[in-house]
Every structure is written in structure tokens, then in C-alpha cells.
Amino acid sequence: MGRRQECADVRELLSRSRLVTLTGVGGVGKTRLVLRVAAQLGRAYRDGVWLVELAEVRDDDLVVHTIAQTLGIQDWSSRGVDTVLAEYVRDKDVLIVLDNCEQVLDGCVKASAVLLDAAPGLRILATSRQPLDVYGEHVLVVPTLPVPGPAEVDGGSGTSNSVRLFIDRASAAGFRCPAGRESTIVELCRALDGIPLAIELAAARTRFLSLDELLLRIGDRFRLLSSGNRTSLPRHQTLQATMDWSYELCSAEERMLWARLSVFAGGMDLAAAEHVCSGDGLTPDRVLDLIASLIDKSILIRTANPTGDLPAGTRYQLLSTVREYGQSLQDEEERARLRLRHRDWYLGLAERAAREWFGPRQLEWRARITTEHDNLRAAMEFCASKPEHVQAGLRLAGDLWFYWTACGLIAEGRQWLDRLLALDARPTAARATDLWVCSWLASHQGDVAWGRSTAERCIAIAQELDDPSLASFGMHLRGVAALAEGELEQAHDLCMQAWSRHRTREEITSPMVMSLVQAGLVACLQGDDENAIEHAEECLQITAQAGELWTRSWSLVVRGLARWIRGDAKAAIADLREGIGIKCRFNDLFGLGVAVEVLAWSHVSLGEHDQAARLFGVLGRIWPLVGIPLLGSPQLIDYRSRAEAEARAELGDGVFDKLAAETGKLPLAQSLPMMVRGQARSVPAQSEAPPAGDRQGGPLTRRELQVAEAVARGMSNKEIAANLVISQRTAEAHVEHILTKLDFGSRTQIAAWVAAQRKTEGAT
């Protein structure tokens, strides 16, 4: 509500300062304010506005990882994420929003220094309960919402933003303000110091209490705290008192669930809440009813699953301030019990994902594990906190091998594995598993010595445990290290020995089949295209039977490379396009880089140099996000150099650069599907980058398009929220973002825009 002046102040500060930090008490609306400003400034920055959410990050070292992941960087190098991040943003004109910096202040200070030093065109907008204290920082204290003074109660009090907020939130609970009672609402808002979160919590109680009862109970709470002198109560105590009051008005079961739900980081689904929070006086079948009660009281927020790869479902989340309060309600014993149950739930989830990854549900598992990233971090942090939990942490980090590799979190996975391996050196199966996973990550980062060392240590533990399966993984990864070292004959032998052992197992997994894929890659580098194709086709047969996609995409890339080496460029292109289509669905940037490279070389071989130039333009967007092109392989890099040189010689540098720039300026979500369809010859003109958060190339995100359609159907914000299974506040934010992006001033204009879009689509 309102905040026009604050928005203007932030924009003005950003025009003359590269780092602006909004500070203020919890619940004052810092996040909502930066989101509004970010939406308003979306078109002002050539490379967009990016929101980095840090509310659930507790490790300073993970701040830079979180920023990199938000920007889409999948670092496969061993140079350090801060180095790759600095190189990526160096020429960017971008605004980065760091939200909720206070609990990782040192990490935010370090990351800000890296970003600001590297990129003259970059600006940072941060929210924190205290300043970052970085040189050049401008601090803006976010005020509470204005409340009419005693002399203003009669007359225009209804226009006050604090009063408007109360009435709006209370109306969502079915409240209608009785005539002549505006002065009571003003008194309530004044008692709550105009703090938005406190007002919302109080407004939710109008479902159960009258205005007079609300005012009396709040007044009693504050008189108790301030010994009768209301002016002595600081605003942070106002919010604390409102939380206390809301807590006291909850039933015993609601209080219990509020405290227990605060163990989750970044939200939870119903199954997780029922498992982790039940017991000791709370049965699983009561959890859903109590969740509904906490939503009614504005303590819990309901959201939809954030990705289309997951089945329709609902998630729940506590605002960070409300979550902190819930954590304060736990004693040490209760906190330890909850964190253990939380750890066990997410360990079980990771184990299931690892078992089912080699099958038809890969995309669903990728989306689910990505959604639970904050909870997985919290579980691993708990495991690293005490010696008796480290073995469980090793199991969790090892079971997430597919998340670290297939989903591009190489650097973060390596950090967790190295940290946990250093805490417990006992020769266990969990340690051996982590060693081969760590070897995989290290070898792909170019850290060859560590990749070889960890693979050999895995083999040694497997022999000590008499576990031939673990020994096979160690042998496979020793072969990967040999590939990285350029020892091709040894690499092929080790990978094939590993596969001959793996294939005898009753249950086949993706890492097992990848030993055959990597044997095929080595055969390509040896010039043995016949063996390479044979390996790839065996993989394709196995993956087709299982309904598996990710390993299949690599098999297609290897066969495409082998066919190109053989001289059959047309057949190679068919394989590569199919592989790229799969990899796009996983956002496997490293795999996409390799596939698009070979696709470009194939077009050069066919004399289609203009097509190749456009593909090289796409690669100019991919490799900076990955950090290490083509695994650093001298042979693959030589293939690339020769193909690019031929295309340049045929087209001339000017034409080559022009064609490459056409695709190089497009979002990957727009250019890569064109590669799959073979339509890179006709690239549409695009003069500017898409708005922040838009991966489809249009003015609105997918969710915003859904909201715009709902607006066009005449739905209210409350109806939109119910229809899309999101909170009303989220629906309101989407509508505001749509108005800002389209430069409209009314919902009627949105409806007209939607109608025009439908007409255009019908005409085409």
C-alpha cells in the first residue's frame, strides 16, 4: 500500500550509487519494497534484474553460490565460483537484489565486493536489518506505514495506507468495517506502529474478534510490556508483542505446529509437514486442519509448486520473521529432535530420488529436489554440526550425485562433499560413495589430481569392505580421471572394465551406464568411431527400456560426435538435435555446450557456414555460464578452432560476427529450441533483453500470463489466488508486476492486452 515516495527515493539513490541497502525492523516491508522497485526498473538494465533470496542461507560461503545459481551459472571449473561469477558479470548492465542479508552479512560483503569490482555496469539493491558497511554503500531506512494522528481520526483517516492495509487484509477474512468505526481501526494501526506484518496479523483476527476486542487485547499486551508507558516500547518490541499476542490466541495444537514448522527452510509440502511435525501430542491426521487454521491467521502462507515439471500441488511457507519466532519457541531438546526428523525426511527423499533417477520420472525428481534445495542445505548443515551425524550427511551428499552433476551444481556439491569427507575418515560405504562422487566432480572441474586421488581412495575402501560394486564405481571414476589426464587407452580400459562389472548388477543406475557413455567418448577421441557408435547404441537401447532421458541425451551426443568423425554429418545433426531437445528440459548447460559445439562443426562440414556462425553465437552465451568449455580437452578444443576458422574464412569476419551476434543476444530459452528445429537461419530481430525472470522471451513470465488471463476473465485478486493456489498477497504482487511491465494503469488495460494477444495468435 502506497510507498510511492520510498520507491522514488530508492530509484534516486540507485541513480547515483552502485550499492543501496534498505534497512528496518522485521516485518516493515523491505522485501515488498525492493520487489516493487525491481519491477519498475526491469527495462532500465540491459541484462535484467535478478532476485537473490538469502532468507534460508546460513553459511557465508554459500552466498556466492546462491548468486551464481540465480544468474544461471553452472560452474564446472575449479577456479572458484567467485572468479567465474566475476568473469560472467564483467560486461553486464544488471541490477542484483540481495534479499535478507542479515544472517550472512560477511558473505554478502564479500560477494558485493566481487560483483562491484568486476562490473562497472552492475548495481546492487540489498535488504538487511543492518547495513553491509561496504565503502560507497547508501543506506535507506524503510519507515513504517504512516498512521493518522489523533487530530486526523475524523475525516480522511480512510486514506491512510496503514488503515487501507488493515481493511484490505481484514476483508480477505470476511470483515466489513461498520459505519463510524474507522477511528477504532486508526487506533489499532497506531498501537501497532504502522508495521505492516503486525497489521496483517491483527487483521487476520477479525475472523474471530471484534474491533473493540482486538484493541483491548493489543492494549493489554503493550501495557504489560511497557509498564503503562506506551512511548517506551521500541518498534522491534511492537512486532515481538504482536507475535506473542498472536501466539497466545492460537490453540495449544496450533502453537505446537507453528514451532515445529519453523524447522523447515524455504517451505514444505504436506507430506513433509505431517512426517516431521507429528508425534508427542500431535497426530499426522491433525496436521492438515491445523495448517488451514494457521493460514487463516496469516501465520502460514500457501503457495503452488514452483515448476511445471512437478504434479499440481501445494507448498506452505513461514515468513522469515514468523519462522524466527517459531524457532525461539523450541527448547534445545525439541530443536534437536525436530532437526533430526527433518534430516531423516530429506535423507529418505534423496535416497528415493537416487534410486528412481534411472527411469521415467527424472524431470519430476529434478524439479522436486531443486524445490527442496534450502531444506537439503539445512539437513547437510545439521549433519556437519556434530560428529555423530556426519555419516548420515555423507549418505545424503552422496545420494545427491545426480543433483550435483545432472543439474549443474558442481561447485556447491564439491564444497559439501569436501567438507563432510574431512569430518569423518572411517572406511564406510557412505565415505566410499562420496569419494567417487567427489572424483567425478573434481575431474569434470579439471582438478585431475584430486579426481584421481579420490577415485583410488574409493577403490581402497571398497577392497577393505569387500564391496565389488563400490570398487566398480572407483574404477570407473579412475577412468574418468585418466580421460582428463589424456591417458586415453587407460581411460577406455578402466571404463569398460567398470561397465562389464556394473552390467551384472540386478539394478542399473545412471552412473553405471555413464561408464559406457564415457568409454564411447574416449573411443571418439581415439578416432575409433565404430566402437564409439557401438557403445552409444548399447546405451540408447538400455535407456529406452528404462524410459530414462538424461543418460540417453549423452548417448546421442556421443553417437553424434562419432558420426561426425566418421564423416556422416547429416546423421550427426539428427542425433545432436534430439540430444539438445532433451538437455534443454534439464537445463544441462554443460551438455548443451558440447552438443551445440558438435552441431556447429557438423554444419561446417556440410558447407552451411552461416548456420554454424549462428550456433557459435549460442555457444558464446552458454560457455560463460559453465566456466570450462569442452572439459578443457585439447583435442575437442582443436576441433572447435578448426571449424570456427573455416567458417570465418568462408564468410569473412564481419559476416561471421554479425550472424553470431544475432543468436548471441537471444535468451537461451529462445535460441536453443531453434537449434532443435533447425531454424537458426531465420533469427527474429530482438533489440533488448527480456524482462527479469522471463525465460520465454515475451514481456511476461508464465505465471504472470496466467494471472493476466485471470484478470481478463474478471477475477478479483482473491479469486485469482484461490484459482492458482497462491496467496492473495502473491496474486496482488503479480498484478502489480504486470501493470509495471506493460506500463498500464488499470486492470481493464490488461484485459484488452490479453484479448489483443489472443487475436494475434489466432491470426498466425
Side-chain angles (χ1 to χ4, degrees), residues 26-27 55-56 169-170 172-173 188 191-192 195 197-210 213-225 236-303 314-342 345 375 378 727:
E56 306 301 340
R169 298 300 184 256
L188 276 167
L192 297 170
I195 298 173
L197 178 56
I199 291 172
E200 293 190 18
L201 289 171
R205 292 295 177 178
T206 56
R207 185 188 297 269
F208 315 103
L209 299 171
S210 69
E213 288 171 325
L214 277 173
L215 187 59
L216 177 63
R217 288 171 179 263
I218 289 174
D220 287 345
R221 161 61 58 182
F222 289 155
R223 276 190 292 274
L224 179 64
L225 285 177
H236 71 270
Q237 286 185 260
T238 298
L239 183 61
Q240 174 73 27
T242 308
M243 293 279 200
D244 291 340
W245 171 73
S246 293
Y247 177 74
E248 289 169 5
L249 291 178
C250 289
S251 69
E253 286 183 315
E254 288 169 348
R255 296 176 189 177
M256 188 183 300
L257 185 60
W258 181 352
R260 293 180 183 182
L261 287 173
S262 66
V263 74
F264 290 97
M268 78 298 296
D269 59 22
L270 179 60
E274 288 175 334
H275 177 85
V276 175
C277 300
S278 62
D280 294 336
L282 191 62
T283 59
D285 60 338
R286 282 289 294 149
V287 171
L288 178 58
D289 290 339
L290 295 171
I291 281 176
S293 296
L294 293 177
I295 291 172
D296 284 342
K297 295 175 173 64
S298 290
I299 292 164
L300 195 62
I301 298 171
R302 183 180 65 176
T303 62
T314 302
R315 287 182 66 79
Y316 307 98
Q317 187 170 2
L318 295 166
L319 290 177
S320 57
T321 307
V322 178
R323 179 173 177 241
E324 289 170 14
Y325 183 87
Q327 289 173 334
S328 73
L329 303 172
Q330 306 164 3
D331 59 30
E332 189 172 341
E333 182 179 347
E334 172 77 351
R335 186 176 298 112
R337 187 189 70 82
L338 284 170
R339 294 202 68 182
L340 188 61
R341 289 177 67 88
H342 175 273
W345 173 261
N375 280 309
S727 70

| Donor-acceptor pair, side chain of Arg169 and main chain of Ala203, under 3.5 angstrom | no
| task | State, to 0.1 Å, how close Leu261 and Ala273 come at their nearest heavy-atom pair, and which atoms those are. | result | CD2-CB, 4.0 Å
| Nearest 0.5 Å, what's the OG1-CD distance between Thr242 and Glu200? | 12.0 Å
| said: Donor-acceptor check, side chain of Arg341 to backbone of His275, threshold 3.5 angstrom: yes or no? | reply: yes
| Between His342 and Phe264, how do the two ring planes meet: parallel, tilted or perpendicular, split at 30° and 60°? | perpendicular
| task | Check whether any side-chain N or O of Ser246 sits under 3.5 Å from a backbone N or O of Met243 as a donor-acceptor pair, and report yes or no. | result | no
| query | What heavy-atom pair brings Ala259 and Leu329 nearest, and what distance separates the two atoms? | reply | CB-CB, 4.0 Å
| Main-chain N/O of Ala378 paired to Arg339 side chain as donor or acceptor, under 3.5 Å | yes
| request: Applying side chain to side chain contact (heavy atoms under 4.5 Å, CB included) between Arg302 and each of Ile291, Thr314, Leu294, report the one that passes. | output: Thr314
| Shortest non-hydrogen separation from Ala191 to Ile218 and the atoms involved | CB-CG2, 4.2 Å
| said: Minimum heavy-atom separation for Gln327 and Arg335, please, with both atom names. | reply: O-NH2, 3.2 Å
| said: Rounded to the nearest 0.5 Å, what separates atom CG in Leu215 from atom CG in Leu188? | reply: 5.0 Å
| remark: From the list Gln330, Glu324, Arg323, side chain to side chain donor-acceptor pair (under 3.5 Å) partner of Ser262 resolves to Gln330
| Which distance, rounded to the nearest 0.5 Å, do you find between the CD of Glu333 and the CG of Leu338? | 10.5 Å
| query | From Leu290 CG over to Ser278 OG, what is the distance, rounded to the nearest 0.5 angstrom? | reply | 11.5 Å
| task | Check whether any side-chain N or O of Asp296 sits under 3.5 Å from a backbone N or O of Ala204 as a donor-acceptor pair, and report yes or no. | result | no
| Which pair of heavy atoms, one from Asn375 and one from Ala265, lies closest together, and at what distance? | OD1-N, 2.7 Å
| request: Give a yes-or-no answer on whether the side chains of Gln317 and Thr303 include a donor-acceptor pair shorter than 3.5 Å. | output: no
| query | So how far is it from Glu254 CD to Leu282 CG, rounded to the nearest 0.5 Å? | reply | 11.0 Å
| said: If we ignore hydrogens and angles and just use 3.5 Å, is the side chain of Glu213 paired with the main-chain N or O of Ser210 as donor and acceptor? | reply: yes
| task | Any chance you could lay out the side-chain contact (heavy atoms from CB on, under 4.5 Å) test for Ile301 and Leu319, step after step, and finish with the verdict? | result | CA-CA 8 Å; Ile301 298 171; Leu319 290 177; 3.5 Å; yes
| query | In Å, rounded to the nearest 0.5 Å, how long is the span from SG of Cys277 to CE of Met268? | reply | 7.0 Å
| Does the Asp269 side chain pair with the main chain of Arg315, one donor and one acceptor, at a distance under 3.5 Å? | no
| query | Should Leu201 and Ile299 be marked as a side-chain contact (heavy atoms from CB on, under 4.5 Å) after you check the CA-CA gap, both sets of side-chain angles, and the distance that decides it? | reply | CA-CA 7 Å; Leu201 289 171; Ile299 292 164; 4.3 Å; yes
| Least distance between heavy atoms, Lys297 atom then Leu249 atom | CE-O, 4.5 Å
| field | Ring geometry between Tyr247 and Trp258 (parallel below 30°, tilted from 30 to 60°, perpendicular above 60°) | value | perpendicular
